[in-house]
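Comments concern the structure below.
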Amino acid sequence: MNTASFRKRLVMGNWKMNGGLEANAKLMADLHAGAGILADHCTLAVCAPFPYLAQVQSQLQNSVISWGAQDISAHKAGAYTGEVSAAMLVDFGCSWALVGHSERRAMHGETDDVVAAKARAALDAGITPVVCVGETLAEQEAGQTLAVIQRQLGPVLALGKEAVSKIVVAYEPVWAIGTGRTATPAQAQEVHAAIRASLTSLDAHHVRVLYGGSVKADNAASLFAMPDIDGALVGGASLVADEFLRIAAA
Ligand code: 13P
């Protein structure tokens with residue numbers, strides 16, 4: 001048996017701070033219409049801005065598409081103005097929460113330890129954290145890619161085997177996000193193989209490792225052909241139903 005065959009592919013959209021009631025309704029209607037035939041081969045999900053989670057829940061609850069949030073608080077409840085807790089996400093049917101997206105690391109100062117605490121908070125509520133890692137262009141050019149990824153993953157792996165067995169990892173090189181510049185399949189595979197080795201050392205061979213960064217319908221198949229790429233975290237292209245569905249079909 002191919003070791004990848006028990007890792008069902010996962011194609012997840014990250015809408016980022018885009019959309020609105022009307023645009024979301026149309027996007028989800030189109031996704032719902034096209035997703036059914038894809039569900040045997042891959043898990044489909046979207047991560048929406050917090051205010052729209054109720055809309056997403058009501059529109060997708062009878063579909064094959066699951067949904068989640070783009071962030072989660074590390075704290076359970078209390079005086080954390082502006083934050084959204086795991087329990088609140090559960091109230092709106094979220095299955096997933098992105099943690100440590102590079103935009104949050106860069107713009108909101110999220111450290112590796114904070115990211116791990118958020119992953120822990122998600123797991124405690126039964127939500128699957130999608131732990132995002134990735135190096136900047138400067139780090140890549142300095143040959144530090146694997147060291148950066150290991151550093152970012154460290155506190156998450158330290159949560160222990162049981163926790164790690166329930167996460168998803170997304171490798172998103174910062175230089176490939178929103179730039180139209182994708183890592184080549186071989187470049188991505190090298191990093192994914194290193195992540196896989198870390199996971200395997202904790203018996204978590206089944207954990208899915210997604211690639212993200214300018215994934216489009218026309219480059220998805222070559223990325224998905226790599227043995228350690230188990231799906232994609234899609235930004236811009238997830239806002240266009242046909243493009244997103246074609247990525248999932250790949
Ligand atoms: P793009 O697909 O727009 O490059 O965004 C990738 C990303 O950041 C997904 O989380």
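Atoms within each ligand, like the ligands themselves, are counted from 1 in listed order.
Every atom of ligand 1 is numbered from 1 in the order shown, and the set under 4.0 Å from a heavy atom of G213 is 4 (O), 6 (C). Taking a cut-off of under 4.0 Å to the non-hydrogen atoms of L233, the atoms of ligand 1 that pass are 9 (C), 10 (O).
The nearest heavy-atom contact from the protein to atom 9 (C) of ligand 1 is E172 OE2, 2.8 Å. Nearest protein heavy-atom neighbour of atom 3 (O) of ligand 1: G236 N, 2.8 Å.
A donor atom on one side chain and an acceptor atom on the other are found under 3.5 Å apart for N24 and Q55.
Of all the heavy atoms of A176, the ones lying under 4.0 Å from any atom of ligand 1 belong exclusively to the backbone. The proximity of N14 to ligand 1, defined as any non-hydrogen pair under 4.0 Å, is limited to the side chain.
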Open item on the list: If you apply the rule side-chain contact (heavy atoms from CB on, under 4.5 Å), what do you find for L210 with E172, and how did you get there?
Closed with: CA-CA 8 Å; L210 312 182; E172 301 201 301; over 6 Å; no
Task: side chain to side chain donor-acceptor pair (under 3.5 Å) assessment of T136 paired with E139 - done: CA-CA 5 Å; T136 63; E139 289 163 341; 3.2 Å; yes
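Look at S214 and you'll find a heavy atom under 4.0 Å from some atom of ligand 1. Within the 4.0 Å heavy-atom shell around ligand 1 one does not find A170. Residue K16 places a heavy atom less than 4.0 Å from ligand 1. Look at G212 and you'll find every heavy atom at least 4.0 Å from all atoms of ligand 1.
When all heavy atoms of K166 and L123 are compared, the pair lying nearest together is CB-CD2, 3.6 Å. Minimum heavy-atom separation, A74 to A117: CB-CB, 3.8 Å.
Taking a 6.0 Å sphere around CD of Q150, one finds it holds more than 12 heavy atoms contributed by other residues, nucleotides or ligands.
Checking C47, G178, G235 against atom 4 (O) of ligand 1, the nearest heavy atom belongs to G178.
Taking a cutoff of 4.0 Å between a charged side-chain nitrogen and a carboxylate oxygen, R104 and E110 qualify as a salt bridge.
Between H75 and Y80, the ring planes are parallel. Angles under 30° get that label, and only those over 60° would be called perpendicular.
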